[in-house]
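What you are looking at is a predicted structure, and each value in this text was computed from that prediction instead of being measured. Atoms within each ligand, like the ligands themselves, are counted from 1 in listed order.
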Amino acid sequence: MALVITGASVLGEKTADLYVDDAGRLVDEPPAGAQTLDADGLVALPGLVDLHTHLREPGREDAETILTGSRAAAIGGYAAVLAMANTSPVTDTAEAALRVFDLGREAGLVDVQPVGAVTKGLAGAELAELGLMARSRARVRVFSDDGKCVHDARVMRRALEYVKAFGGVVSQHAQDPTLAGPTACCHEGEISGRLGLPGWPGIAEEVIVARDVMLARHTASRVHIAHVSTAGSVEMVRWAKAQGIGVTAEVTPHHLLLTTDLLEGFDPTYKVNPPLRPAEDVEALRAALLDGTIDAVATDHAPHARHDKEHAFVDAAFGMLGLETALAVVRTAVPDLGWADVARVMSANPARIAGLAGHGSLDVGTPAHVVLVDPTASVTVDRDASVSLSRNNPWHGRSLTSRVVHTVYAGRVTVRDGVLVAP
Ligand code: DOR
C-alpha cells in the first residue's frame with residue numbers, strides 16, 4: 001500500500017513529506033489512497049546498511065537466526081545487512097550463499113546479503129567458490145574470512161585478483177596470527193600486562209593493513225579493512241587513499257566509544273576481536289570517521305549464547321551485539337557527525353562498497369528504505385528488551401543519544417514507534 005511519511009527533516013535539513021507508491025518506491029507526487037506515517041520532528045535517513053553482521057544461521061540458531069537477526073536489524077533502522085560467512089557450515093559455496101539469501105527474503109525485514117568466505121572452510125589455504133557465489137542469484141560481491149585473517153599473502157593476492165572479474169571486494173580481518181599467541185584475548189598493553197591477560201598488540205593489525213594495501217595496489221583490486229581499531233591502521237589507510245589505492249575501511253560502534261580500561265572488571269561482555277583499544281586509538285578512529293578516511297560504520301553484531309559468553313575472560317567467546325544500538329552509539333560517540341554524514345557512513349558508503357543496488361539514498365525512483373530517528377531522545381539500553389536471541393549487550397544500562405522510531409523497508413513499515421510490525 002502507498003505511504004506518505006509526513007513532516008520529517010530529510011537528512012536533518014529541509015522538512016518535507018516523503019511519498020511511496022504501491023510498488024514501494026519513492027515518488028515525487030502524493031500517491032492516492034496512502035496510509036500516513038507521522039514523522040513530525042524526526043530525521044529521515046536512507047535505511048541503514050550494515051557491512052558486517054553475524055547471523056549464526058546455519059549452525060548456531062540458539063544464538064541468532066536469520067529471522068531474529070533481521071528483527072534486530074529492523075529495530076536498529078537497517079534495510080540491508082551483510083551476513084558474515086563464519087557460520088557452520090561456512091558460506092563458501094554458491095548453495096550455502098543462496099540458502100542465506102533465501103532465508104533472508106523469507107524473513108522479509110531487511111535485505112540479507114551473504115558474504116562469501118575467501119577460503120574453503122575459512123582455513124586460509126584454498127580459495128572458496130568465489131566465482132560461483134558471485135554468479136549465483138545471491139550475487140555475492142563481498143568476500144571475507146572474518147573471525148580469521150587471510151594470513152597467507154599469496155592467497156590474499158589471488159583472492160584480490162579473482163574478485164576483480166566481477167567488481168568484488170575482499171574484506172580483511174587484519175590480524176597477523178604470528179604476532180600474538182593463540183590465547184590472545186584483549187589489547188596488549190599496560191592493563192593486560194598488569195592483569196596477566198595475553199593480548200594482541202596493535203601492530204598485529206597494522207602489518208596486515210600495510211601488506212594488504214600494497215597487494216591491492218599491486219593487483220589494482222579492492223580491499224576493505226574490517227573493524228579498524230588502531231591509530232596506526234588509520235594512518236596506513238589514509239596514506240593508501242592518498243596514493244589512489246583501492247582501499248575502504250569500516251569502524252564498529254564499540255571501537256568508537258569503549259576503551260581497553262573496561263578490562264579491569266574482567267567482564268567477558270567486553271571481550272571482542274579486534275579488542276577494545278586505548279583512548280588515543282578511539283580518538284584517531286573518531287577523527288578518521290569525521291574526515292572520511294574511514295568510510296563506514298559496521299556493527300560486527302556478534303550474538304553469543306550465554307553458555308559461550310559467561311566464562312572466565314580468557315575462555316569466553318569474542319563479540320558483542322550491535323544492530324539495535326548502532327545509530328545511537330554513533331550519535332553518542334561522535335556528536336560532530338552531522339545527519340548527512342551519518343547517512344553517508346551508515347548507508348550510502350556501505351551500499352556502494354557492497355555493490356548493493358537500491359540502497360543508500362532517498363532518491364525518487366529508488367526503493368523506499370527509510371529510517372526515522374528522534375534526534376533529541378535519550379534512551380537507557382535494557383538488554384532484556386532486545387529482539388536478538390542473545391544478551392551479550394555491552395550497552396546495557398547506558399544512556400545513548402537519539403532513538404530509531406520507525407523503519408520503512410521497501411515501502412513497508414517494519415518498525416512503528418520502536419515496535420516491530422510482524423513478522
Ligand atoms: O568479536 C568478534 N566476534 N570478532 C570476530 O572477528 C568474530 C566475531 C564472531 O563471529 O563472534
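- In terms of modelled atom types and a separation under 3.5 Å, the side chain of Thr325 and the main chain of Val329 share no donor-acceptor contact.
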Task: Audit row: Trp200, Phe318, ring pair (Phe, Tyr, Trp, His ring centres under 6.0 Å) steps and yes/no - done: CA-CA 13 Å; Trp200 288 285; Phe318 293 103; 5.5 Å; yes
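- Under the 3.5 Å distance criterion, the side-chain polar atoms of Lys148 are left unmatched by any main-chain donor or acceptor of Gly124.
- Distances shorter than 4.0 angstrom occur between a heavy atom of His304 and an atom of ligand 1.
- Within a 6.0 Å sphere centred on CZ of Arg391, heavy atoms belonging to other residues, nucleotides or ligands number more than 12.
- Within the 4.5 Å cutoff, the side chain of Val297 has heavy atoms near those of the Leu289 side chain.
- With respect to atom 8 (C) of ligand 1, the closest heavy atom belonging to the protein is His54 NE2, 3.6 Å.
- Scanning the protein heavy atoms around atom 1 (O) of ligand 1, the nearest turns out to be Asn273 N, 3.0 Å.
- Numbered from 1 in the order shown, with element, the atoms of ligand 1 that lie under 4.0 Å from a heavy atom of Val272 read 1 (O).
- For atom 6 (O) of ligand 1, the closest non-hydrogen atom on the protein side is His173 CE1, 3.0 Å.
- At least one N/O-N/O distance between Gly319 and ligand 1 falls below 3.5 Å.
- Asp295 pairs in a side chain to side chain donor-acceptor pair (under 3.5 Å) with only one of the listed residues (Arg344, His224, Lys241), which is Lys241.
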Task: Residues Val282, Arg286; criterion side chain to side chain contact (heavy atoms under 4.5 Å, CB included); working and verdict - done: CA-CA 6 Å; Val282 172; Arg286 290 176 180 168; 3.8 Å; yes
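- Of the candidates Arg56, Met84, His227, it is Arg56 that places a heavy atom closest to atom 9 (C) of ligand 1.
- Here the heavy atom of the protein found nearest to atom 10 (O) of ligand 1 is Asn86 ND2, 2.9 Å.
- Residue contacts with ligand 1: Phe318 is placed with a nitrogen or oxygen under 3.5 Å of a nitrogen or oxygen of the ligand (distance criterion only).
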